[in-house]
Amino acid sequence: MRSILSEFLEDNLSVLASGASARVYRAAERHVVKIFHAAVSEEMIDREFAAATLAADCGLAVARPVEQLRLRAGRAILYPEIEGPTMMRRMRMRPLRSGALLRDMAAFHRRIHDCPAPGLRSLREVLRTDILHGPADPAVQQAALGLLDGLSDGDRLLHGDFHIRNILMARIGPVAIDWSKAARGPATPDIMRTEMLMRFGEGPQDWLTNRARDWAARQYVEHYRRIMPGHFVQVAEWRAVVALAWLRARAPVRRKAFLAYLDGALAKVGLPLIMG
């Protein structure tokens, strides 16, 4: 199948979606190909393939990667096509269903965290690197790294980028896509990361949308807590280090609100503030 698909892909690509790291195209035989931009590292592409395969082996609803390809346009991963809108689009189309969709999202995230992932990179090391290479003052960095060293470790599968644009609403139910930021660790920081992505990730910034985003983030966290309260351990500490690490790469969306959120998180655990 590889040679047939590779030849077809090169000359018959139809764009489906475009993002910061890749473009997704419709290919032959009910497949899609995700072609990564030249700046994306080999390690990141290999990680996405490995994490999505692990998730599929664990019985999760994901698009199991078929193979990696080297095309003229760049490195790529071939996936089966999953038909359906993103959860974000479904919520916009059916806003009265948003509460139920957020419950489904929390339950799905908990199932991801039920999977062990001993072979993936450590989230602790990811956070350490992002903090050290971020823009915070060295004194803040060192204090945060000291806090990080005292936090519990884990071997759970962490998506790393779990939000409503990375969930497709297929006929079989929600399907998780884009595993390039996956890692292993305890569930708590992955929950905190999703809360932040929902509130402060890329997207519209008008006041009404911001209120809706804050509401959705609260609903997601509350639903998850009801399902699995045991996954909320050292919440204040994890929130502080995850938020600080995100300074390295986050888009300038709701910047003032995020910095206030970050300073509140740092203050709660006794760390120096960003804005003073």
Query raised in the report: Taking Thr188 for the side chain and His231 for the main chain, is one N or O donor matched with an acceptor at less than 3.5 Å?
Result: yes

**Report entry** Heavy-atom pair of closest approach, residues Ile82 and Ala170
**Finding:** CG2-CB, 3.8 Å

Query raised in the report: Taking a hydrophobic cluster as the set of Ile, Leu, Val, Met, Phe, Trp and Tyr residues connected by side-chain heavy atoms closer than 4.5 Å, whether directly or through intermediates, do Ile172 and Met169 fall within one such cluster?
Result: no

Query raised in the report: Between Glu195 and Arg239, does at least one N-O distance fall below 4.0 Å, as a salt bridge requires?
Result: yes

Query raised in the report: Do you see a donor-acceptor pair shorter than 3.5 Å between the side chains of Asp190 and His113?
Result: yes

**Report entry** Non-hydrogen side-chain atoms of Arg225 and Val221 separated by less than 4.5 Å
**Finding:** yes

Query raised in the report: For the hydrophobic clusters of this structure (ILVMFWY residues joined by side-chain heavy atoms under 4.5 Å, transitively), does one cluster hold both Leu60 and Ile177?
Result: no

Query raised in the report: Can you get from Met91 to Leu96 by hopping between Ile, Leu, Val, Met, Phe, Trp and Tyr side chains that sit under 4.5 Å apart?
Result: no

Query - Backbone N/O of Leu151 and side chain of Arg124: donor-acceptor pair under 3.5 Å - result: yes

Report summary line: Of all heavy-atom pairs linking Pro80 and Ala63, the shortest is O-CB, 4.1 Å

Query - Taking every non-hydrogen atom, the tightest pair across His223 and Ala106 - result: CB-CB, 3.8 Å

**Report entry** Distance, nearest 0.5 Å, that separates CG of Leu123 from CG of Leu148
**Finding:** 8.0 Å

Query raised in the report: Do Arg165 and Glu202 meet the salt-bridge criterion of a basic N to acidic O distance under 4.0 Å?
Result: no

Requested in this report: Looking only at non-hydrogen atoms, find the nearest pair between Gly201 and Val253 and report the distance.
Outcome: O-CG1, 3.3 Å

Report task. For side chain to side chain contact (heavy atoms under 4.5 Å, CB included), just list the numbers for Phe232 and Ile191, CA-CA rounded to whole Å, side-chain angles, deciding distance to a tenth of an Å, and then say yes or no. Result -> CA-CA 8 Å; Phe232 287 77; Ile191 299 168; 3.9 Å; yes

**Report entry** Arg250 NZ/CZ over Phe258 ring centroid, <6.0 Å and within 45° of normal
**Finding:** yes

Query raised in the report: Just by distance, do the side chain of Arg110 and the backbone of Met105 share a donor-acceptor pair under 3.5 Å?
Result: no

Query - Other residues, nucleotides, ligands: >12 heavy atoms within 6.0 Å of His133 NE2 - result: no

Query raised in the report: How long is the span from the CG atom in Leu102 to the CD1 atom in Ile164, to the nearest 0.5 Å?
Result: 7.5 Å

Query raised in the report: Hey, are the side chains of Trp246 and Asp130 touching, using non-hydrogen atoms and a 4.5 Å cut-off?
Result: no

Query raised in the report: How far apart are the C-alpha atoms of Leu127 and Trp238, what are their side-chain angles, what is the distance that settles it, and do they pass the side chain to side chain contact (heavy atoms under 4.5 Å, CB included) test?
Result: CA-CA 10 Å; Leu127 294 173; Trp238 279 118; 3.7 Å; yes

Query raised in the report: Which value, rounded to the nearest 0.5 Å, describes the distance between Asp46 atom CG and Ile77 atom CD1?
Result: 8.0 Å

Query raised in the report: Are the side chain of Asp263 and the backbone N or O of Ile274 linked by a donor-acceptor pair below 3.5 Å?
Result: yes

Query raised in the report: Going only through I, L, V, M, F, W and Y residues with side-chain contacts under 4.5 Å, is there a path from Val233 to Met196?
Result: no

Query raised in the report: Regarding Ser152 and Gln234, is there a side-chain donor-to-acceptor distance under 3.5 Å anywhere?
Result: yes

Query raised in the report: Salt bridge between Arg218 and Glu222, side-chain N to carboxylate O under 4.0 Å?
Result: no

Query raised in the report: When you measure from the centre of the six-membered ring of Phe36, is the NZ or CZ of Arg75 under 6.0 Å away and within 45° of the axis?
Result: no

Report summary line: Closest non-hydrogen contact found for Gly84 with Leu168 is O-CD2, 4.0 Å

Query raised in the report: To the nearest 0.5 Å, how far apart are CZ in Arg111 and CE in Met228?
Result: 12.0 Å

Query raised in the report: Between Arg70 and Glu42, does at least one N-O distance fall below 4.0 Å, as a salt bridge requires?
Result: yes

Query - Side chains of Tyr25 and Arg23 in contact at under 4.5 Å (non-hydrogen atoms) - result: yes

**Report entry** Residues Asp114 and Arg156 bridged, charged N to O under 4.0 Å
**Finding:** no

Query raised in the report: Between Val175, Leu197, Asp161, which is the residue that forms a side chain to side chain contact (heavy atoms under 4.5 Å, CB included) with Asn166?
Result: Asp161

Report summary line: Closest heavy-atom pair, Ala243 versus Leu262, reported as atoms and distance to 0.1 Å, is CB-CD1, 3.6 Å

Query raised in the report: If you group Ile, Leu, Val, Met, Phe, Trp and Tyr by side-chain heavy-atom gaps below 4.5 Å, do Leu259 and Val140 land in one group?
Result: yes

Report summary line: Separation between OG1 (Thr194) and NE2 (His109), nearest 0.5 Å, reads 4.0 Å

Report task. Please report the C-alpha distance between Val66 and Tyr79 in whole Å, then the side-chain angles of each, then the deciding distance to 0.1 Å, and finally whether the side chain to side chain contact (heavy atoms under 4.5 Å, CB included) criterion is met. Result -> CA-CA 5 Å; Val66 178; Tyr79 287 102; 5.8 Å; no

Report task. For the pair Asp149 and Arg128, find out whether any cationic side-chain nitrogen is under 4.0 Å from an anionic carboxylate oxygen. Result -> yes

**Report entry** Heavy-atom side-chain proximity of Ser98 to Trp215 below 4.5 angstrom
**Finding:** yes

Report task. List the steps, then state whether side chain to side chain contact (heavy atoms under 4.5 Å, CB included) holds for Arg47 with Lys181. Result -> CA-CA 8 Å; Arg47 178 171 62 248; Lys181 292 183 174 63; 5.5 Å; no

Report task. Could you tell me whether the side chain of Thr53 and the main chain of Phe49 form a donor-acceptor pair under 3.5 Å? Result -> yes

Requested in this report: Would you give the length of the straight line joining atom CZ of Arg193 to atom CE of Met198, rounded to the nearest 0.5 angstrom?
Outcome: 13.5 Å

Query raised in the report: Under 3.5 Å, is there a donor-acceptor pair between the side chain of Gln205 and the main chain of Arg254?
Result: yes

Requested in this report: Would you confirm whether His159, through its side chain, and Asp178, through its main-chain N or O, come within 3.5 Å as a donor-acceptor pair?
Outcome: yes

Query raised in the report: Is a salt bridge present between Asp214 and Arg199, judged by a nitrogen-to-oxygen distance below 4.0 Å?
Result: yes

